[in-house]
Amino acid sequence: QVQLVESGGGLVQAGGSLRLSCAASGRIGSINDMGWYRQAPGKQRELVAKITRSGDSTNYPDSVKGRFTISRDNAKNTVALQMNSLKPEDTAVYFCNADIRPLFTSLFQDYWGQGTQVTVSS
């Protein structure tokens, strides 16, 4: 079994910062891209940040570029999202995502965390 567990959500005032963390555990063979998505009430889930296996390439939508930073620690199978200058429109449930090849298998599969709530008050 492979699972992703997020932590670090909460309530913060506009302009504040939060750091989300996600740890992958279980029978992991290899991890490719890792990322964060968010889903606000009544809206579709959207990409917030993505990072390649080597960490040398990241991808952000314009809505968070310059405010959010994704990083990973391959030795610990973790990915983090540092969120600065938060805005009320950043309020959403944030999900960790990873492309993982379970141990003793040959195919990569898409895994999701359970989500963590981020609420930014104005």
Side-chain angles (χ1 to χ4, degrees):
Q1 286 281 11
V2 172
Q3 63 176 353
L4 301 177
V5 178
E6 302 107 334
S7 61
L11 174 64
V12 65
Q13 287 190 332
S17 299
L18 278 176
R19 183 177 178 85
L20 305 182
S21 296
C22 173
S25 63
R27 298 165 65 84
I28 296 171
S30 182
I31 304 177
N32 275 346
D33 291 356
M34 301 184 82
W36 290 91
Y37 289 73
R38 68 186 181 188
Q39 187 166 20
K43 294 189 176 181
Q44 287 189 331
R45 190 172 295 189
E46 62 175 356
L47 174 69
V48 175
K50 203 164 192 177
I51 187 168
T52 56
R53 181 176 182 176
S54 64
D56 61 358
S57 181
T58 56
N59 182 30
Y60 305 93
D62 288 342
S63 58
V64 308
K65 201 171 291 183
R67 300 187 298 120
F68 291 9
T69 302
I70 189 171
S71 60
R72 67 188 287 172
D73 184 335
N74 289 337
K76 297 180 180 179
N77 290 335
T78 59
V79 62
L81 184 69
Q82 178 65 43
M83 304 185 293
N84 300 327
S85 302
L86 283 161
K87 304 175 181 180
E89 52 263 43
D90 294 318
T91 296
V93 178
Y94 284 69
F95 296 90
C96 175
N97 171 259
D99 193 27
I100 299 174
R101 179 181 62 78
L103 205 57
F104 307 124
T105 69
S106 59
L107 295 177
F108 283 86
Q109 300 174 42
D110 212 23
Y111 287 87
W112 293 88
Q114 80 286 355
T116 185
Q117 177 70 45
V118 171
T119 302
V120 184
S121 63
S122 57

Legend entry - Linked, directly or transitively: Val118 and Val64 (ILVMFWY side chains, under 4.5 Å): yes

Legend entry - Smallest separation among heavy atoms of Ala14 and Ser122, with atom names: CB-CA, 4.3 Å

Legend entry - Nearest non-hydrogen partners of Ile70 and Tyr60, listed with the distance: N-OH, 2.8 Å

Inset, instruction - Determine whether Gln117 and Leu11 make a side-chain contact, defined as any pair of heavy atoms from C-beta on separated by less than 4.5 Å. - result: no

Legend entry - Spatial distance of atom CG (Leu47) from atom CG (Asn97) [nearest 0.5 Å]: 9.0 Å

Legend entry - Point-to-point distance, once rounded to the nearest 0.5 Å, from NZ of Lys50 to CG of Asp99: 7.5 Å

Legend entry - Short side-chain to backbone donor-acceptor contact, Glu6 and Gln114, under 3.5 Å: yes

Legend entry - Verdict with supporting geometry, Thr105 and Arg27, side-chain hydrogen bond (donor to acceptor under 3.5 Å, both in side chains): CA-CA 10 Å; Thr105 69; Arg27 298 165 65 84; over 6 Å; no

Legend entry - Transitive ILVMFWY side-chain link Leu81 to Val12, under 4.5 Å: yes

Inset, instruction - Evaluate the ring planes of Phe68 and Tyr94, with Trp represented by its six-membered ring, and classify them as parallel (under 30°), tilted (30 to 60°) or perpendicular (over 60°). - result: tilted

Inset, instruction - Mind listing the closest non-hydrogen atom pair of Val79 and Cys96 along with its distance? - result: CG1-SG, 3.7 Å

Legend entry - Distance-minimising heavy-atom pair for Pro102 and Tyr111: CG-OH, 3.3 Å

Legend entry - Value rounded to 0.5 Å, distance of OG1 in Thr58 from CZ in Arg72: 12.0 Å

Legend entry - Same apolar cluster: Phe95 and Ile100, side chain cutoff 4.5 Å: no

Legend entry - Asp33 side, atom CG; Ile51 side, atom CD1 - distance, nearest 0.5 Å: 9.0 Å

Inset, instruction - State the CD-OG distance between Gln13 and Ser121, to the nearest 0.5 angstrom. - result: 5.0 Å

Legend entry - Trp36-Val2 co-clustered via ILVMFWY side chain contacts under 4.5 Å: yes

Inset, instruction - Would you give the length of the straight line joining atom OG of Ser21 to atom CD of Gln82, rounded to the nearest 0.5 angstrom? - result: 9.5 Å

Legend entry - Asp90/Arg38 under salt bridge (Lys or Arg N to Asp or Glu O under 4.0 Å): CA gap, chis, key distance, verdict: CA-CA 9 Å; Asp90 294 318; Arg38 68 186 181 188; 2.9 Å; yes

Legend entry - 4.5 Å side-chain heavy-atom contact, Asn74 and Ile31: no

Inset, instruction - Determine, stepwise, if the pair Arg67 / Met83 fulfils side-chain contact (heavy atoms from CB on, under 4.5 Å). - result: CA-CA 6 Å; Arg67 300 187 298 120; Met83 304 185 293; over 6 Å; no

Inset, instruction - List the steps and the verdict of side-chain contact (heavy atoms from CB on, under 4.5 Å) for Arg19 and Ser71. - result: CA-CA 11 Å; Arg19 183 177 178 85; Ser71 60; 3.9 Å; yes

Inset, instruction - Indicate the atoms forming the closest heavy-atom contact of Leu86 with Leu18, along with that distance. - result: CD1-N, 3.8 Å

Inset, instruction - Please report the closest heavy-atom contact between Asn77 and Met34, naming both atoms and the distance. - result: O-CE, 4.4 Å

